[in-house]
Amino acid sequence: MRVHFRTIPRRGHSRIVGALSTALLCTAGLTALPAAAATPTAPTPPGPAHTAHTTGTTDAPRLPDGLATTPPMGFNNWNSTQCRAEFNEDMVKGIADLFIDKGLKDAGYEYVNLDDCWALPERDANGKLVPDPQRFPHGIKAVGDYVHSKGLKLGIYTSAGTKTCSDVGFPGALGHEASDARQFADWGVDYLKYDNCNNQGVDAKQRYRTMRDALKATGRPIVYSICEWGENEPWEWASDVGHLWRTTGDISDSWSSMLGILKQNLPLAPHAGPGHWNDPDMLEVGNGGMTDTEYRSHFSLWSMMSAPLLIGSDLRKATPQTFEILDNKDVIALDQDAAGKQATVLESASGRWTVVKELANGDRAVALFNESDQPQRIATTAAAAGLPQADGYRLRDLWQHRDSHTTGTIAATVPAHGTTVYRVSTDRRWATYPPAVEAGTDGPPLVEAGTPAGLRTTVGNLGATPAKDVTVALQAPRGWRIQATSPSKARALPGGRQLGTTWQITAPAGTAAGSYPLPLTAGYRPPAGARVVTTLPGTAHVVVPPPAGTPYASAMSWMTSSNGWGPVEKDTSVGEREAGDGRPLTVGGTVFAKGLGVHAPSEVTLYTGGRCRVFDARVGIDDESGGKGSAAFEVWANGKRVAGSGTLTGTDAARPVTADISGARTVRLVVTDGGDGVDHDHADWSDAKFTC
Ligand code: GLA
């Protein structure tokens, strides 16, 4: 079984942090760097007055220098192409063209940055870097000229080591700082990303200061992006070294990667400011591994965190939705706000995050982010967000691009993995905006095909002026029957009041189990202006009732399942890859014919419809983990934990777990990692069955 080094960099980068011997450096044909790296004396630059520095260790602060007063915006090819051949001159020029044609330049995107693999593996006879003639047949300067002719700027990449991070190992700048910086400046480079691979154990502060000084010595204003993945806590020392510093390992195009990085970068808020930014890595928006809802969260939260906005998808193939996200000027304005204050977490519980950013004009941006897999209501107030006391506030929804007013409550039902972002202002004219109307449900409804299921919806007026001619409607899939069993209309809903409506929802007999869209639409007329219609995306789950008797969990249909590695398996252990690749469930030498094979962290939700009394199983770590691994098993009924195994290790025998689940409509089988990470956690719910 695999050991999962999830934080190990891709492509076998050698991230050497311990010092390597001089002998090794010499065999590699390199000049060994003494403890205080000898940086060749910089040539006299043509640019602004400066003091020449020849070492990187004792310099007076060189930053701030007026660059990157707001987080850099632009493009970098890495997340979409890595080193593939499509990373070439045509791509770079194509992106520059699209910046103009699609209005992205107008939205603030400026830098067109080349990542690793632009060079040949060897320097020339004079020690100069050589652009790869296949990718850049006209050289880098020509690309720079093209980019500059469009009013844009050019960025380049190298490593503060002997080679870059790619497996091929292109030349790094360690020991060549002055020469490489000079070459970049001569090509018209405006931005340098300086990576950390093959660093030979030389002190990070020294390596990054040496390049800072080399860049400065060229006299060309060059934004300096430190990319040492947060290993040396650059937020503590780099504010006078670079304009931005990576705070984490590499992002990848997945929800879990984006989320993990978010959580590492949020607490670093105090360290960010104009000219010195935390960099949670480049955007994945549009690369296909997340939903548009997730990409909107990614973009919103990166903007809230004053992160650099470097587009990481190949815009030549981007969808209209991708452009719409990247071009959201209301959200970009948060990122580019002149105060440069990174957002802080006001509250975080049960996957509901309230994140607040103070803006230069006194406004607050409030992001309501739902990390969970279910829609959730997230709420706060203008006062909690730091706004002064007032009778009303202007509330701008930055994804809907709509203004309303509230007397203080800021709330929304946010879809799973979604983010609602408001800009909240004190505004003397607040009452001229429509009252904010919040729609919500007690759903999602669980519907047995052919049998009516209930749902309650609410439409609440968060403002001070009345909402008139209020109508509420549910849009069900074709063939479904939707019936309001209480009023779904109101002539007027005064400020602070709610219209609650109960519904009966019937899916036709034979409807297959699964999730179906069930959006809720609320319409109203504000005191002045056009009718407002808001839609809350929603779902209904068609569920299959449990059979009478003692059905096995593996024979029932699950509402949802999630697993650390590979899919949850029926009647076998987890194989970590495709469905059906497991082996017989075996715990402590005993083989079980029935059960669920999962991998921590895991959750399986089953529908019991109030018809079952008991759940029981014999749980443990599968023997195929070779005695390693640990996990804890929990049974949840109707949202409450009703049984748990405690932590079991790979050497424990199967432990019986019995839970009273009388009356529960749903049962959730949860496996956590036992507190030591998920490696080897092949967890078996052996013999798992219900008494119904
Ligand atoms: C490192 C960096 C990435 C990218 C690659 C290129 O992993 O962190 O952002 O630049 O190297 O090889």
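Position 1 is the first residue of the sequence, and the numbers go up from there. Order of listing sets the numbers, starting from 1, for every ligand and every atom in it.
For F75 and Y109, the distance between ring centers is not under 6.0 angstrom.
Heavy-atom separations between D115 and ligand 1 include at least one value shorter than 4.0 Å.
Checked by atom type, the side-chain pair S602/N563 shows a donor-acceptor distance below 3.5 Å.
For R296 and D292, the salt-bridge test fails: no basic side-chain N is under 4.0 Å from an acidic carboxylate O. Taking a cutoff of 4.0 Å between a charged side-chain nitrogen and a carboxylate oxygen, K193 and D115 qualify as a salt bridge.
Remark: ligand 1 and K193 share an N or O pair separated by less than 3.5 Å (distance only, no angle test). Considering backbone and side-chain atoms together, D281 places no N or O closer than 3.5 Å to any N or O of ligand 1.
In N196, neither the side chain nor the backbone holds a heavy atom less than 4.0 Å from any atom of ligand 1.
Within ligand 1, the atoms closer than 4.0 Å to a non-hydrogen atom of C227 are 2 (C), 8 (O), numbered from 1 in the order shown. Heavy-atom contacts of R246 reach the following atoms of ligand 1: 8 (O), 9 (O) (cutoff under 4.0 Å). Shown in contact with Y157 at under 4.0 Å from a heavy atom are these atoms of ligand 1, numbered in order with element: 6 (C), 10 (O), 11 (O), 12 (O). In summary, the atoms of ligand 1 found under 4.0 Å from a heavy atom of S166, numbered by their order in the structure, are 12 (O). Within ligand 1, the atoms closer than 4.0 Å to a non-hydrogen atom of W229 are 2 (C), 8 (O), numbered from 1 in the order shown.
In this structure, the side chains of M91 and R316 come closer than 4.5 Å at one or more pairs of heavy atoms. For the pair V143/H138, no side-chain contact is recorded, criterion being any heavy-atom separation below 4.5 Å from C-beta on.
Pairs passing the disulfide bond (SG atoms under 2.5 Å apart) check and including a residue from residues 117-147, sequence neighbours excluded, read C83-C117.
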